[in-house]
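Heads up: the structure comes next, in structure tokens.
Everything quoted here is computed from the prediction, not taken from an experiment. Throughout, a chain's letter reflects where its sequence line sits, starting with A, and its residues are numbered from 1.
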Amino acid sequence: MARFAVRRLASMVAVMFAISILTFLLFQVLPNSDPSTRLAGRTASPTQIAKIRSDWGFDKPIYVQYIKTMGKILNGTVTSYQQQLPVEDQIRQDLPTTLSLAIGAGVIWLALGILFGVLSAWRAGRWLDRGLTVLSLVGVSMPVFFLGAVLSYYIGDKARILPAGDYVALTSDPWQWFKHMLMPWFALSVLFIGVYSRILRSTILDTINDDYVRTARAKGLSERQVMIRHVLRNSLIPIVSLWGLDFASVLGGGAILTETVFNLHGVGQYAAQSVEGLDIPPVLVITMFGAFAVVLLSAVVDIVYAALDPRIRL
Amino acid sequence: MQRSFRLLSALLVALGSMVVVAACGSSSSTGSGAGKTGGSVTVVQGTAPDYFDPSLSYTTQGANWGWISYLGLYTYAHAEGTAGTQLIPAIATSQPVISNSGKTYTITIRHGLKYSNGMAVKASDFTFSVERAIKLNWGGASFVTNNVVGATAFSKGAKSISGITADNAAGKIVIHLMRPYGALENVLAFPAMGLLPPNTAMKNLSTSPPAGFGPYELKNVVPNVSYDVSLNPNYAGQAVPGVPAGHVNVHVKIETNTTTEASDVLNNSADVFDWGDTLPPALLSQIQSQSSDRYKAEQTALTLYFFLNTTEKPFNNPLARQAVIMALDRNALARLDSGNLTPDCYFLPALLVGHPTAPCPYGNPAAAPNLAAAKKLVAQAGLTGTPVTVWGQERSPRKEYVDYYASVLNSLGFKATTKIIASASYFPTIETLKLHPQTGFADWQQDFPNPIDFYLLLSKAALQPTGNQNFGEVSDPVIEKGLAKLSGVPSSQLSSVASQWQTLDEYVAKKAYVAVFGYEKTPKFTSNRINFGSLLFHPLYGNDWSSLQLK
């Protein structure tokens with residue numbers, strides 16, 4: 001276990017280092033990506049632009065700028081170019097929203113994905129399977145920007161059953177938090193539920209005829225025991241792997257559309273604004289945060305793998 | 001590939017929303033009646049202000065709160081149309097006393113004023129506030145550093161600005177200029193020149209805005225999410241003539257999806273649509289038909305034009321430039337912006353002193369273009385087949401403008417191709433002088449209502465290696481001579497030289513230096529709760545929040 005932890009930690013550092021270099025360089029090679037001209041505004045004089053370049057250190061070699069920026073990121077003092085606000089504060093402000101969205105939606109799509117996948121495989125070829133297949137395909141084909149807008153208008157604006165958007169902190173009003181998050185959770189989950197249920201259905205149907213399943217049945221285990229302890233346990237391995245990556249991606253700012261439709265002001269929306277403004281520091285921090293989430297969740301997934309399948313060693 | 005996720009997401013979200021908004025209804029009420037004082041309204045802004053510190057903010061979203069929360073020596077009349085371009089004294093007692101040379105301005109401030117934190121307003125606070133804006137690299141700092149004695153030296157490390165002296169006992173401020181600069185009063189009216197208490201920290205205070213003097217206070221800032229512009233309870237007792245005390249508290253919500261922003265106002269879950277945003281075309285007709293009592297397209301002083309590089313082939317030939325201006329169908333361009341464009345040919349917008357009244361030299365801009373005559377000019381100049389690169393930015397409808405423009409150039413016989421680049425890097429790109437872009441989209445939103453602000457774009461002084469605003473690289477002795485004469489005329493005396501500005505603008509139109517296609521209109525759109533009739537649309541700052549009243 002200790003070796004596993006050290007190995008993962010080392011890979012995490014390597015991945016984050018590589019990502020930071022790539023992101024930083026990408027912004028440097030863009031034509032006219034010099035932030036000083038954007039910071040100075042359209043009426044700036046050359047003197048003013050030169051002053052900003054010097055004040056912010058944009059006149060230094062790229063590697064010096066990189067080291068300086070990374071130093072500030074690591075000690076939490078890096079500020080955005082656009083608003084000159086501490087990036088850490090902004091992420092701390094936006095993270096509860098993204099966490100609320102990711103955790104709630106992650107639980108929903110995992111639970112419903114498994115439920116629909118199992119039901120579909122269990123009743124393969126029958127009306128329930130066909131119905132769930134159609135539902136899954138609808139879910140997969142339903143873009144979040146469309147579903148979100150439909151939900152927001154009909155359930156939020158028109159029927160006023162749920163709030164059409166905005167985020168209320170869990171700590172300030174748990175009931176309002178729940179009400180405000182229901183639609184975003186659902187909108188974000190639908191696609192994943194469809195994908196997960198289809199994958200699980202096909203994995204279960206593949207596994208159900210394996211030798212060890214036949215052996216379990218031959219031993220006299222009930223169909224329920226066979227399904228839960230043998231078939232489902234093994235079939236869940238790809239689902240767990242997928243869930244880890246998808247969850248990490250949402251956590252690392254990947255739910256841009258959902259956050260935008262419902263005006264949640266999460267990390268994803270912040271990332272989008274920063275990319276639009278070619279604002280390197282927030283983009284660097286969010287990219288590294290996303291990478292951190294992916295590597296961390298991958299490690300968690302590996303641990304769950306080992307629990308699901310004793311043949312897998314950490 | 002560098003195009004932002006946000007724009008992509010905004011497009012996708014807009015696409016999704018279009019499907020559902022068709023059924024969106026409204027319950028407009030009729031008649032404005034008299035408004036009441038008190039209560040709170042919610043304004044939705046698609047873009048957050050750049051900063052929440054008056055010494056740094058330089059966008060229209062920032063000016064909305066800036067001009068009512070941070071009064072400077074001068075401000076603008078709270079009025080619509082050209083009346084709103086009139087400078088009025090705010091912290092100053094009267095118009096400045098200007099020396100005969102036009103290089104010394106003496107201003108006296110009002111006695112007994114107090115900031116929102118209770119500190120007394122002093123003359124020396126002006127010096128401090130100007131220095132703070134320069135120190136923090138305010139976007140408009142060059143208006144000060146290029147004109148006030150010692151301001152450039154201060155920006156490079158000098159202890160203070162030698163050209164500004166303040167006498168607290170007498171309440172007098174003296175500003176020495178390097179040369180006569182008539183727009184100084186306009187510069188002094190910028191919210192960034194608003195007076196701040198001397199103990200204000202010399203750093204970006206966007207998360208806890210500093211105290212100021214004005215009818216409103218900026219509070220409860222949650223960056224990129226929301227902020228409050230609340231009535232200053234201490235203002236009523238020391239109100240400045242012409243600067244109203246306000247009626248309601250304003251809560252501002254940042255709503256990056258403009259379709260949701262518009263739907264919120266249409267459905268009365270928010271009260272005011274940000275004038276800096278564009279109403280989604282999917283909702284516009286519905287708003288126009290069903291909410292006409294709370295919607296109006298207001299004229300702004302934003303000139304939209306295609307620059308024509310006078311030093312590069314083919315536009316170094318006047319015939320080619322004339323042909324372009326003759327061939328533009330401005331009504332077609334207006335349609336690309338859902339009609340939010342007033343076709344015209346002059347560089348100075350209609351709201352500005354100096355806007356010509358003479359007919360356009362190359363055809364009526366509201367009529368169909370004379371394509372045949374334009375084609376003839378290109379052929380006559382021997383420029384048929386000349387390759388032209390048309391620069392444009394991705395933002396809609398600007399990309400569409402450029403696509404249309406390229407098609408016009410092709411129909412004239414040029415071989416035009418477009419070069420569309422990301423919005424964030426568009427202007428920094430074409431502002432690079434050595435690029436010498438042939439032609440492309442450009443716009444200019446007035447910094448202040450003075451023709452000199454527009455004419456900087458056609459002056460030799462604007463030609464600089466980076467940050468070049470003179471995209472057409474115009475260098476004309478007639479313009480230079482005119483500017484030398486007119487730039488020193490104080491803003492308060494602009495009307496006395498209106499005809500001279502008109503002559504200059506007519507000259508520029510005749511020389512076909514820029515292919516102006518019109519002035520942008522912007523939405524004034526509110527919920528049913530707002531007394532629409534009382535809401536002023538200011539020519540510089542848009543919706544005047546201090547005039548907002550509930551029904």
Which one of A/Gly148, A/Ser152, A/Pro46, A/Pro143 has the most heavy-atom pairs closer than 4.5 Å to chain B?
A/Pro46
For the residue pair [Y] / [X], report whether a side-chain donor-acceptor contact shorter than 3.5 Å exists.
X	Y	result
A/Glu259	A/Thr98	yes
A/Asn75	A/Thr77	yes
A/Tyr167	A/Ser100	yes
A/Gln269	B/Thr256	yes
B/Ser487	B/Tyr455	no
B/Asp53	B/Ser206	no

Measure the acute angle between the ring planes of A/Phe178 and A/Trp185, then classify it against the limits of 30° and 60° as parallel, tilted or perpendicular.
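Aromatic pair A/Phe178/A/Trp185 classed perpendicular.
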So A/Tyr81 and A/Phe58, would you call those rings parallel, tilted or perpendicular, with 30° and 60° as cut-offs?
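A/Tyr81 vs A/Phe58 ring planes: perpendicular.
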Tell me, for [X] versus chain A, whether the close heavy atoms (under 4.5 Å) come from the side chain, the backbone, both or neither.
X	value
B/Asn468	neither
B/Ile134	backbone
B/Phe143	side chain
B/Asn224	both
B/Glu431	side chain
B/Lys203	neither

Contact origin within [X] toward chain B - heavy atom pairs under 4.5 Å:
X	result
A/Gln82	backbone
A/Asp166	side chain
A/Gln83	both
A/Tyr270	side chain

Between [options], who has the most heavy-atom pairs with chain A when the cutoff is under 4.5 Å?
options	value
B/Asp50, B/Asp453, B/Val225	B/Val225
B/Leu456, B/Val222, B/Thr145	B/Val222
B/Ser226, B/Gly467, B/Gly139, B/Gly140	B/Gly139
B/Ser155, B/Ala48, B/Ser57, B/Pro49	B/Ser155

From CG (A/Asn263) to OG1 (A/Thr258), nearest 0.5 Å
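Result: 13.0 Å between the selected atoms.
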Is the centre of the B/Phe471 ring less than 6.0 Å from the centre of the B/Trp391 ring?
no
